[in-house]
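Report on the structure given below.
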Amino acid sequence: MKLLLKGHDYKYAAEQMLLTLFPGEKPEYTDAESDSSAEISLTEGAEYATAVTKLFREGKRASGSAKVRLSRLTGKLRRDSLLSMAVKLSFYRAAMKLLPEKPAWGALTGIRPGTIMTKLLESGLSEKAAVSEMKRLYFLDGKRASLLLDTSRASIKVKEELEKGDIGIYVGIPFCPTRCAYCSFVSQSVQKSMKLIPPFLDALERELRELGGVVRELGLRPVTVYIGGGTPTTLSPEELTRLIAALREAFDFSHVRDFSVEAGRPDTITAEKLDALRNGGVTRISVNPQSTSDEVLRAIGRSHTAEDFRNAYRLARERFGGEINTDLIAGLPADTPESFAASLREMIALGAENITVHTLSLKKGTAITLGNVKIPGKAEVAQMLETAIEELRGAGYSPYYLYRQKNMSGGFENVGWSKKGRENLYNIVIMEELATIIAAGGGASTKLVDTASGRIERIFDYKYPKEYIEGIEKTLADKDKIRKFYREAENEIQDR
Ligand code: SF4
């Protein structure tokens, strides 16, 4: 769609709303109206700043507006945030006159819709008033507003518990047994890259040692640890033991509240690996069926059956003894609301402590998008998620973190559900950006968070095993950026 911005340069706001309202359409900037265009103007009068969107699409026209009182535009940050909001709302209001239905998340854009709810609650609004505000300002439906209320409660609780210097640790293992059809992750299938595992682990141990030194020097305190990927349980039991030993040697684990490992693919789980994880002090693993329909599993290229998942889950309960998360995905090829409901009911009956319900994200370059595979439509995905919300709540689970991604089927969301008191700290900390995450390994990204100023910086590790191994010297040198970040944060405090 062509975008014409007049009297402002809030491109990001316009593009985010375009993505929400007309997924898949790319923005093109122009100064002339065409048969698919949105002209968004912003003007300031004596009392108000007013955004007006004139939308022209498939021969139809519509307009929408939103205004902000000038007296509220105090300071650059606030001014930009309120004017961006007005730009988005005017675009939304115009589009609602032409579109057959409103987006799943109303006028809310971005990957962390919970941050606005959390801010409202922290500003002193009651929960009831915050929910009403979210419905009024962003046209949210009651179910999604209440998902946000629960996840914001979990976030505020963790924020209150965290102390200065608390951090999370992440380790990325970029190997998987085979590649799933919906995956755009950089993981290497071990069939092709088995020989890279030992040198990858050598390099990773060096990075962990380096990071351990920096963390000690800065007085930081790990409180949550997560080994993800890829599929870390692609490693052998001996390699897992070696990795956990290296982690424990590098970092002080005495304040770690949870230690999670992705054992996502049931076809990688063995009794010996579960023993290695338990003996290494891991408290939570993920065993992810995605679906318990064999037809769906075949359609997404998983090399295991639903029965393989059941066996892996049973084995994990017997040998591992800690908490188990299971992931499901709504909207997979060959899935239906009925077969999705059956998968969900099975996870509830198994008693998984955490159940994460993702919505399929249509990523470029995956077998699904490349092959033009038929997937369930928006109404079917909506029905799957309705079932998830109702049945999980009915079984005593609560949503504790939530995020959205680009190009999610139907524009929906990913939600982590938990039994009471079993919420995973790492997921809340990373999603809500409540503390620094120090990360090592393939595709890992360190996120430095200055909680006092809200400043965030990222350091990216190499993605592919080969480049990670070859680039380890640069990766080690990059760690100095962590020291610099904390020095600057300290100086900012002294300057205040
Ligand atoms: S297990 Fe996960 S990371 Fe590995 S190929 Fe499948 S979706 Fe991608």
Side-chain angles (χ1 to χ4, degrees), residues 170-194 196-197 200 204 226-236 239-240 243 260-270 273 277 284-294 296-306 308-309 312-313 316 324-335 343 354-371 373 375 403 405-409 414 416 426-427 430 439 441-445 461-466 468:
Y170 176 85
V171 180
I173 305 296
F175 298 96
C176 284
T178 55
R179 173 163 295 214
C180 306
Y182 53 86
C183 183
S184 67
F185 190 70
V186 292
S187 67
Q188 298 263 302
S189 135
V190 266
Q191 292 155 332
K192 290 186 196 149
S193 57
M194 187 71 120
L196 292 179
I197 292 181
F200 172 83
L204 179 57
Y226 198 104
I227 306 181
T231 307
T233 40
T234 308
L235 303 182
S236 69
E239 287 162 343
L240 284 170
L243 170 62
S260 306
V261 175
E262 286 278 344
R265 296 275 294 258
D267 42 341
T268 62
I269 295 175
T270 65
K273 291 183 195 181
L277 298 178
R284 175 186 183 268
I285 58 171
S286 289
V287 186
N288 300 331
Q290 314 302 10
S291 165
T292 51
S293 151
D294 283 334
V296 175
L297 292 174
R298 269 193 302 277
I300 61 172
R302 302 272 283 206
S303 53
H304 64 85
T305 61
D308 293 335
F309 159 75
Y313 187 95
I324 301 183
N325 169 72
T326 57
D327 277 7
L328 292 177
I329 301 179
L332 289 173
D335 213 359
S343 302
N354 296 165
I355 298 177
T356 310
V357 180
H358 293 269
T359 301
L360 180 67
S361 172
L362 299 164
K363 292 176 184 148
K364 276 190 211 143
T366 62
I368 287 183
T369 43
L370 290 174
V373 176
I375 52 169
Y403 67 103
Q405 288 165 285
K406 264 191 189 171
N407 304 326
M408 297 191 82
S409 204
N414 300 320
Y426 181 86
N427 284 326
I430 185 128
S445 107
D461 278 22
Y462 288 105
K463 290 180 178 173
Y464 297 98
K466 193 163 179 297
Y468 177 81

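Counting starts at 1 for both ligands and their atoms, following the listed order.
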Could you go step by step and tell me if Asn288 and Asn325 meet the side chain to side chain contact (heavy atoms under 4.5 Å, CB included) rule? CA-CA 8 Å; Asn288 300 331; Asn325 169 72; 3.8 Å; yes
By number and element, which atoms of ligand 1 are closer than 4.0 Å to a non-hydrogen atom of Thr178? 5 (S)
One finds that the ligand 1 atoms under 4.0 Å from a non-hydrogen atom of Arg265 are 1 (S), 6 (Fe)
For Thr231, the atoms of ligand 1 under 4.0 Å from one of its heavy atoms are 1 (S), 4 (Fe)
Qualifying residue, where the test is side chain to side chain contact (heavy atoms under 4.5 Å, CB included) with Pro289 and the options are Thr305, Val296, Leu328: Leu328
Just how far is it from atom CZ of Phe309 to atom CG of Asp294, taken to the nearest 0.5 Å? 12.5 Å
Please state whether Gly230 comes within less than 4.0 angstrom of ligand 1, counting heavy atoms only. yes
Using only atom types and a distance under 3.5 Å, with no angle test, would you say the side chain of Lys273 pairs donor to acceptor with the backbone of Thr268? yes
Taking only non-hydrogen atoms of Cys176 and a 4.0 Å limit, the atoms of ligand 1 in range are 1 (S), 3 (S), 4 (Fe), 5 (S)
Any heavy atom of Asn288 sitting closer than 4.0 Å to ligand 1? no
With Asp335 via salt bridge (charged side-chain N to carboxylate O under 4.0 Å, His left out) - residues at least two apart: none
